[in-house]
Structures are given as C-alpha cells and as structure tokens.
Amino acid sequence: MSILSVQDIGIAFGGVRAVDNVSFSAETGQVFSIIGPNGAGKTTLFNLVSGVYQPKSGQVRLDGEAVTALEPNRLAERGLSRTFQNLQVFFRMTARENVMVGRHLKESRGLLAHLLALPSTLRQNRESAEIADTLLSRVGLADYADTLASSMPYGALKRLEIARALAAEPKVLLLDEPAAGCNPVETEEIEKLIRTIADDGVAVVLVEHDMKLVMRSSDRVLVLDQGRVLAEGKGAEIRSNPKVIEAYLGTHGTREANLALN
Amino acid sequence: MQALFSHRLAVPLVIAALVVALSFALPSSFYLRVAALVWISALAVIGLNLLMGYAGQVSLGHAGFFGLGAYAVAVLPAQFSLHPLLAALAGALVCGLIAFAVGRPILKLKGHYLAVATLGFGILIAMAISNESWLTGGPDGMPVSRMTLFGWRVRGAETWYWITGGLLVVGAWIAVNLVASPTGRALRALHDSEVAARVAGIDVARYKVRVFVISAVYASVAGSSLALVNGFVTPETANFLHSIELVTMVVVGGMGSILGSVAGAAILVVLPQLLTTFHEYEHMLLGLMMMVIMIVLRSGIVPSLAALFQRRRK
Amino acid sequence: MTNLKTCLGGAALLAGAAMFAGTATAADTIKIGASLAVTGPASFLGDPEAKTLELYVDKINKDGGVNGKQLELIVYDDGGNANNARTFATRLVEDDGIVAMVGGSTTGATMAMVPVFEDAGIPFISLAGAVVIIDPVKEFTFKTPHTDRMACEKIFTDMKARGIAKIGMISGTGGFGKSMRGQCLDVVGSYGIEVVADETYGPKDSDMTPQLTNIKSAEGLQAVINPGFGQGPAIVTRNYRQLGIEVPLYQSHGVASKSFIDLAGDAAEGVRLPASALLVAEKLPDSDPQKAVVLGYKTAYEEATGQPVSTFGGHAYDGLMILVEAMKRAGSEDPAAIRDEIEKTSGFMGTAGVVNMSADDHLGLDLSAFRMLEIKDGDWALVE
Amino acid sequence: MAEFLQFCVSGLTVGAVYALVALGFTIIYNASDVVNFAQGEFVMIGGMATVFLTAAGVPLPLAALIAIAAAMVVGLALHRLAIEPARGASPVTLIIITIGASIFLRGLAQVVFDRQFHSLPSFSGDTPIQFGGAAILPQSFWVLAGAGIIVLALWAFFNRTLLGKAVLATAANRLAARLVGINTSFVVGFSFVVSAAIGAIAGILVTPITLTSYDIGTLLALKGFAAAMLGGMGNPLGAIVGGLAVGLLEAFGAGYLSSTYKDAIAFIVILGVLFVMPGGLFGRASVERV
C-alpha cells in the first residue's frame, strides 16, 4: 500500500476548477514528481494535500488513514511535511531556530517547564539545537546557524526550508520548487539532497520546473495541465508520451529531457 | 562580551541590577513610588509584548485584564475576607480562564479585526466594572485594604518598590525562559508565517490562546500590584485609554524586546512627571515626543539603539 | 559590597541634603498643593478650580501673604485619574514639601489621595462631591462642596411642594451622576415620591433621545431629574424639548454654571436646579449675608478669566479661604496645627454657604446652603 | 411605532457621524495602510474652529469654510511631518505615531481654543419636525444630507476623475501604481487632506446637536474604527453601513434593552459579526497564497 494516496481530489476558485479529479500515490523511498506548465495547479494540489486548502471533492490517505481536510498540524503529526514555493521562512529567527521549530512535534511541550526553564526544557533546547545543527550541515548551511533568516541569501533559504521540514522526521515530504532561483551548483546539491532523503526512506513528492532535475531524480512523474492529470508514468514514458510532448514539453523540453537521461 | 549579552539570563539580571542600583539613587519615597509604577507597568507590558512582539497578536483590551486583577484584590478581601495574596492569585486565575474562554474565537481574527475585537472585549470589562457599583463601587472606585503578611502590614513606598521590582525581575525571568523554549519558538514562528508554523506541527490556535492567557495573567498580576500599592482602585485602570497606553509602551520600548518593555514603561510613566512643569503644554509635548521617538527609533527604543550600536561596532 | 552600599548611601544622602537645602531656601514661603482634573472628562471641574486657586493665591500674596509669608501654590493636572492623583499626592508631600492640600476634583481621585495625606499628617480639603469622603470622618480630610444627598433632598423638597409624586430619572454613568442617582434613590421614599422610569447615559454620549423617549412614555410622569455633569445634561435638556416633554425638568448642582445655559440654549428655560447662591449673586437681596462673598468672588473670577463663574471654582475658593483662615488662626504652618484650626472653622461664609465644622462633621454645610434656582430668560432666578 | 421611528432617527444621525469618521479611516487606510487614530481630531477641529470663528464675528458659512481648510492643512501637515518621514516603518509604529498626533492635537486645541464645551446654533432653527409621532430636529436632516452629499461626491470623484482613479489605483496596488507613474506619496498626502475635510465637515454639521470640545476626538475615533471594522476595513460602502449600524445599535440598545449597557450591546454585536464574518460585513474572504 502507498504511504500517500490521493483520489479524485478537486477544488474550484470562483467557478474555475483549479484542481480537477486528480489522483496519484507516492511510495516510500521514491521521488514522485509533479510537473506541468505555470497555472497547471501544482501548488494548489500541494495545498490540498497538506491541508492548507480544503478540497471540494476527493480523498487523501496517509499511511492508509483517511486524512482529507485535516489541519496541516494534524497532518504533520501523522508524518507529512512540506516546503513552500513562495518562501515561508521565520525571518525574525536564526537559521538554527528555524530548524528547531521543525522539531516542534518531537519536543516536550509542557508549558510550566518552559516558563520555569526546568532542566528538562534546557536539555530539550540543547538537543533540538544539536539536531538542527546536524541538519544545517546536511543541507550545507552550517555556516549560517547563527544568522538571522532575514539576512540569508535566497538559495540558502530554500535549503533552510528543507532542513526545517526534515527536522520533523517526516514520512512524506512535499517539496515545492526547491531549486527555483538557485544556481546550477546549488541545484545539483539539492538534487543530491533529494535523492538521499528518499534513500533514507521518505516518500518525496516534488514540484519542479527544472526538467533536468526532475528527469534525473524522479521514480515516477505526474503531468498536470489545467488542473487535470495529463499523464503519469516513469520519466522515460512521460518523455515519449505524445500528449505530453504536444501539450507541455514541446521539442525543446524533449531535447532537454533526453540530454538529462543520456 | 557578546556571548554574555546574548545569554538568556542577561536581561533579567540587567533589570535586577537596575532595581538595586536605583534604590540607592532615588532620594525620596515619591521617586520610589514612580519607580514602583514603572515596574508595575513594565510587568504588564512584558506580558503584552509576549503577545504582540513575539506572537504578533495585537490586543487593545489588555487593560481589561489589568482592571480585573486590580479589582480582585479590592473586591475579594472586602466581600469574602480573602487574603489579598489569595485574591491576587484568584484574579490571575480568573483572567487566565477568561482569556482561555474568549481567546479561541477572538484570536481567529487577524490584524485590525483582532484589534477591534480585543478593544470591544476590553470595553465590556471596563463597562461592567464601572456599572456594577454594588460590587465595585462604580466610577468613583473602591478602597483596597492593606495587605498584612505574617502580621506585618505591608506599606510604604520603599517596601512596594522592592516587592514590585522583585515581581518585575521574576516576570522578566519567566518571559525570557518562555521565549527561549519550544513554546517561545512556536510563538515566534506563527508570528512570521502561520502556515509554515502549522506545517511544522504547531497547533496555531492553541498557542495563540496560550500566550493570550499568559499575557492576561501578567496584566492581572500587575493590576493587583497597582491596587495594593495605591490602596484604592478606580475603573480607569480597566479603560480603553489604559489599553492604548500599554500598547504604546510596547511599541515605544520595542516589539519583541523584554528590556524594551521596561524602557517603554519608564518613558511613558516618567515623561508626564517631567512635563508637569510645562503646564498647559504638557499634552502637546507628550504627543510630540511620542511621534519623534517613533519616527527616529522606528523599531522601538531598545531594538533601534541596539541596531545602531552594532552598526557602529562594525 | 557593604562598602559600595555605604558609598552609594552616602551619595544619596548628599543628594537628599542638597534637595533639602533647595527647599530650605524657600522656607519663607508656605507651600500649598493641589492635584486637579484640569484636563480630561472632569476638566470643567478642574479647570475653574485651578484658575481660582491661582487667582486667589496671587491676590493673597499681593496683600502680604499669610502670617507674613508668601504662599506658593503647586498645581498638578491628574486628568481625573485616580492613579495619577495618588502619584502627585506623593510628589506634593515627599518632594514639594507642602503643608496643606486643596483639591482632588473627583471623588475617585480624592479617595485615592486620602491615605497619602492621612499617613503624612497633612490637612487635605477635597473639592469633590460624594459623601464617602467625609463619612466616616478621617482625621486630616475635609471637603467644601455640598453632598449629592443634600442636592437630592433639596430637589425632592421642591417637588413635594409642587405636588409631584411620580418622577423619571436619567442619570449620567460618570462618578457624579452615578453617585447622585444612588443617593436620590436612597432618600426618595421618605418624600413619598415614586421613581417610574430610571435611565442612564454614558459620560460622552451625544444623543439621549432613546432614553428620554422611554421616560416620556412612562405612566403618570410628573417630573424628571437629571443627575450628571459636563455636556450630558445640556444634551438631555435639548433632547427633552425636542421630544416635547412637558413636565418639569430638574437638573443637579453639577450643571451650576452659566455655560450650561449657553449650551442648552432656549431648551433650558424653566429648568430647575439646586445650587449655591453664587450663580445669583447680583439677585440676592442686599440683606443676604452671603451676598458680599459671592459677588466678590464672581466679579474677581470673571474679570480675571473672561469666563462665566461656576460653583466648582467657588468650592476651590471656599477650600483655599478656609485653609488660609485656619493658618492665620494657628499662626504657624505646622500641618497638625492647621488641621486643628480647620476643624474649628465656624461661621465661615463661603460661596457654598455657612460652614460650621466639628470633630464629626468635616463638611459643615446644611441644607440651607442650597438655593432652588430656575432658568428664566436665559438667566438664573431664585425660586423662593 | 413612534418610538421605533424616534430611535431610528437618533441612531441614523449619530451613525452618520460615525460613518463619516469610518470613511475617513478607510480613505487613508486604502492609500497608505495607516490606521489614523487622529481621525477624530479632524472632527474636533472642524467644530471647534467654527465655534471660535463665529464667536469672533465671522459669518457661519465663511467660518465653516475656514475651519475645513484648517483641518485640511492639519491633515497635510500630519502626513508631511509625521507619516512621510516614517515611511517604511511597520504599521504598528505608524499607528503609534497617529496616536501621538492625536494627543498632540488635543493638547494644541486646549491652548488654541479652550477646555470648555461649545455649541453652534442650528442651521435652520430648533423647532422639531413631527413625523409619524417622532420629533426630528432640522439639524438631523443637515447631518444626513451632508453625509449623503459627501458620499456621492466621493463616489463621483473616485470614478469620474483622473486623480480619483489614481487614488484607487494606489489603493489596489501601490507598486503597480508607482510603476505607471502615479506619485503615490502625493496620493497618500491627498488622502489625508480629503479625510481631514470629511472629518471637519462632520464636526461642523453635528456640533449644533452633540456639542463639541477639545477632547471629543478619542471617542469618535474609537467608534469610527469599530464601524470601519464592522463594515470591513478598506471598503467605503462597509464604512458607511458600519457607521450607521453602530449608531442604530446604540439607539435601539438604549431604547429597547438597557441604556447603561448600550455601548456594550454595540460591541457584542460587532464581536458576534466578526466571529461569523472575520473580514467584516463587506470584507472579501481571502485565500491564503503560499
């Protein structure tokens, strides 16, 4: 059984079906990519799956449990985490603190202990900070640990969001355009990172415009167009699917995808 | 040096040092009283700053909690001969419960809508205090019986200076503890991005209510202290203008700065005392200085000066 | 640490000594304090009170002062806020070193200050209305204005004489209105008068027609009382005429100032209220023993400020004069001695009436101090 | 029925003033995101300046015009001297600046004018007009008609003139407005001037009924703000409906329920509405974009 399965999910804004009867499932240890032209409904789909929007129709199952329209924090408790296309970083906190927030569910949450700074809380703080530092090293941001997020460069913030999401030790991780705005070196680092995350046993769902990245790292690819599923399959199948080529990839995209896979 | 200042306990220690040092410098019990008023306001402002500066939720009704705390130590001893300390405790408890009950629906609102809802809520409390004269003495207020501790009548400006100063240090200590804890991180997170906080597993509604309750308890304790210091309470402690004054103290001192809370309280308590010499120009000058401070130090006194200081060093 | 402490303590002592030196050079003046609601919702009390005190302290000083010394008046504006008043009271006692205190415009501010002066043993003459200030009697606390209970009694006496038995009340929810409403409801029974409608309005409300509409429709209504001060009663009076309510309207001593007539305009015609003789100074018969005092104060105040006289300023005049005479009798500026002499005040002719204080009466006015006035042709007229 | 009508008229008259204050809030808020807590002081300046000018012998219409001009100058000064220098500061900082400005203006009014209450003669007499058993002051019609004319004039201005459209464009998207060449700083300053004029007119119209003094602004700002929120911040129609609704709620609350708790009744209704409609009556449900 799939760790994440989405069935016939849909939402409309002012009469426009932004996402229309989309179904897919993601597997542990694999990278599942969602591609499509701008406005295809990729981010909206993420928002539906992660509980930010309430779907009009359809179902989301996480680890076999029906979780449709649950609050994002309830989904987080069940092991779903995500990053955002438009950065949602805690700008008034340092990089380390940002990642520590990701540890929230793993931390003890007794208010009285927090108010009185009992030894358990101080120990907790140290523990979270250590884990945060490890994760920052993993995404290559160790040097920024004490820097305020507001003074970090854009590319670094993308990876900071990934570190924060990883801090929750998710079973399913939704990454919304993690390489957008990153230079080729950074993109390559992110690609490697995505692979290792999947290899650690996380189901990664990826929305990305960088076809090279998608084709190289994905186990399966879903193509969305105008809120609907156009095709789904392995990268090679997608690349050769005439509907996809016609509607989305075009000749340029095909060439690029070919280059990437060769 | 830097590490010393960034330590969690630096701020409460600085405040404690200030309380001790000032006690030597202040020449008469009038000055001690003004200082005690600063400590009391600062205590309420720290609580409000946790709500506004850290969690990003505005409240224009906090004087309501302040007033409830003040009236608790006036009414409960008078009606049920409760000891003032227990009355203050009861007041804090009641404020906490009320904040808990109204927090969830009110804190669903955002920005200016939250402002007007808390404003309305504060006005309801102030109206009830002012109108239910059978209990509260009405607009003319009611006396507060002097507190006795182990047979010793607590009185005198100097005694209250130390009691309120001590309360402030404890309040600041608890506040810095909170800010540095998982709860504090959750609050600061939801201030910057509610959606990211929720995705990180934070029950945003619940944490907002938590900090609302905490800040209500701070206000209540501050209100109880003021009533005990004054030996008399009037409904003005609960009214809308006092709420605005508390918010102004938060912003002038600096949102998200515990030390700033003390600075903001000090400015707005001491300034009117200094301006009395200007008689009819007093209010003009007060308004003018508020505007100038906010234009020049737009992030509030402490954060703006800290930033300036750091830039200098670089 | 102990060294540091003695060192700092020494510095503080020096500073303190320097401050005392500062006050010592001014010991040839007698310091009198006042904390008044010069601004804020009760400013129509505090404003004339402050002007009166300043005016008369100047006058007294020009005439040679008291006991050969000049008076020094220190006025703070507490905005009617009890907490501010308390702070200023402490400041006046501790920092300014006053020997006596006049003022406290509102009851709340007064009650907050009482403990300061009782603790410090400094005589305190309040200018606020409520009876709680002097009942129970507090050693150092006095007051000059009539109590609201007396105003109620005066009004009810007048009503009874006119055969009025069913009345409506519309009271302000400020301290004054609320307190007077309570006092009136307390004594109304003993006059055989029944309250058939009881409405209130907020101190800053600008329209009272809904409340008055309800009062108008009350069964058997014969008159209406409006306890309150500030602009509220003026609006009530205008709305009263707007709705065409025909039964007599009684205002309280809280509106006893010409500005009420100006604000209410034609609507004020026929309104009755209990007030001190001050408002009708010129109309008093020459035989009236109060005439000289009230006419003198009225003329002086209106000349100096260009504003119409009000009874509130008169209370400040009474307070200051009672204090000055007590100081003269005591022949010293020892606060305890002054207190004793204030308590012995008897036969003092003030703007509010004859004051006869005693150990258990720190007000010393009786019902005869009130006159029943009616507004006729835009001016006050004596009813009796 | 007569009672109901009386309460209606009372509520609408007071509500019209709240509506105009709320409208002033809305215009400035839309142009600059500033919630101007000195809005009530414009009402005060309008009333007080007219009172003192007429007392000095200036004919009422001329006095009113000068008073409106004075308020506009104050509005412009507020923008140029206090808001503009703090450009880029956080909204809460700007709000505290406007609170400082309102304290300053109240202090100034104490010195320039005085601390007494004042009235103006009604524009067309004090004889109430009897209508369906209710007694209505002629001045109430002045207030209602004045408010109506202001609303119509604003509507025409925003929809028919280039400057009006520039203000709307700035309200919709400041950056885009700047990109198409609109001087947004001028627009913000202009919005302060317009709001000041609206406030001053309200103050002049209502002074014969409600009286005026140096410190009436606080309460009006409070009620106007609540009204603007009830209607939905940034929505001019919402401001008007919100203002009238608060006025009516107070009148009906005082008339039918409890005069002591009439303000409480208004706020309870506002709280109730916001719990159900978190964006006010006319607020749009916003979709979070992430």
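Proteins get letters first, then strands, A, B, ... in listed order; numbering begins at 1 in each. Bear in mind the structure is a predicted one, so any value in this text is a computation, not a measurement.
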Separation between CG of C/D95 and CZ of B/R33, rounded to the nearest 0.5 Å: 13.0 Å
Interatomic spacing from OG1 in B/T234 to CZ in C/R86 - rounded to 0.5 Å: 11.5 Å
Heavy-atom check, side chain of C/D77 versus side chain of B/E280, under 4.5 Å: no
CD/B/E158: more than 12 non-hydrogen atoms of other groups inside 6.0 Å: no
Over 12 foreign heavy atoms within 6.0 Å of CE, B/M289: no
Which of [options] touches chain B most, by non-hydrogen pairs under 4.5 Å:
options                      : result
C/N83, C/T173, C/T39         : C/N83
C/T87, C/V38, C/V75          : C/T87
C/D119, C/T200, C/L92, C/V93 : C/D119

Ignoring hydrogens, what is the shortest heavy-atom contact between [X] and [Y]? Give both atom names and the distance.
X      : Y     : value
B/E236 : C/A82 : OE1-N, 2.9 Å
C/E94  : B/S28 : CB-OG, 4.0 Å
C/T90  : B/S29 : CG2-O, 4.2 Å

Using non-hydrogen atoms only, which part of [X] is less than 4.5 Å away from chain C: side chain, backbone, both, or neither?
X      : answer
B/V229 : backbone
B/L226 : side chain
B/F30  : both

Contacts of residues 99-117 of chain C with chain B (heavy atom under 4.5 Å): C/T107, C/G108, C/M111, C/A112, C/P115
Part of C/V132 lying under 4.5 Å from any heavy atom of chain B: neither
C/R91 (side chain) donor-acceptor with B/V34 (main chain) under 3.5 angstrom: no
For residues 42-49 of chain B, run the donor-acceptor check on the side chains, cut-off 3.5 Å, and write out each pair with its distance to 0.1 Å, sequence neighbours left out.
residue, atom, partner, partner atom, Å
B/N49, OD1, B/G256, N, 2.8
B/N49, ND2, B/G254, O, 3.1
B/N49, ND2, B/S257, O, 3.1
B/N49, ND2, B/S261, OG, 2.9

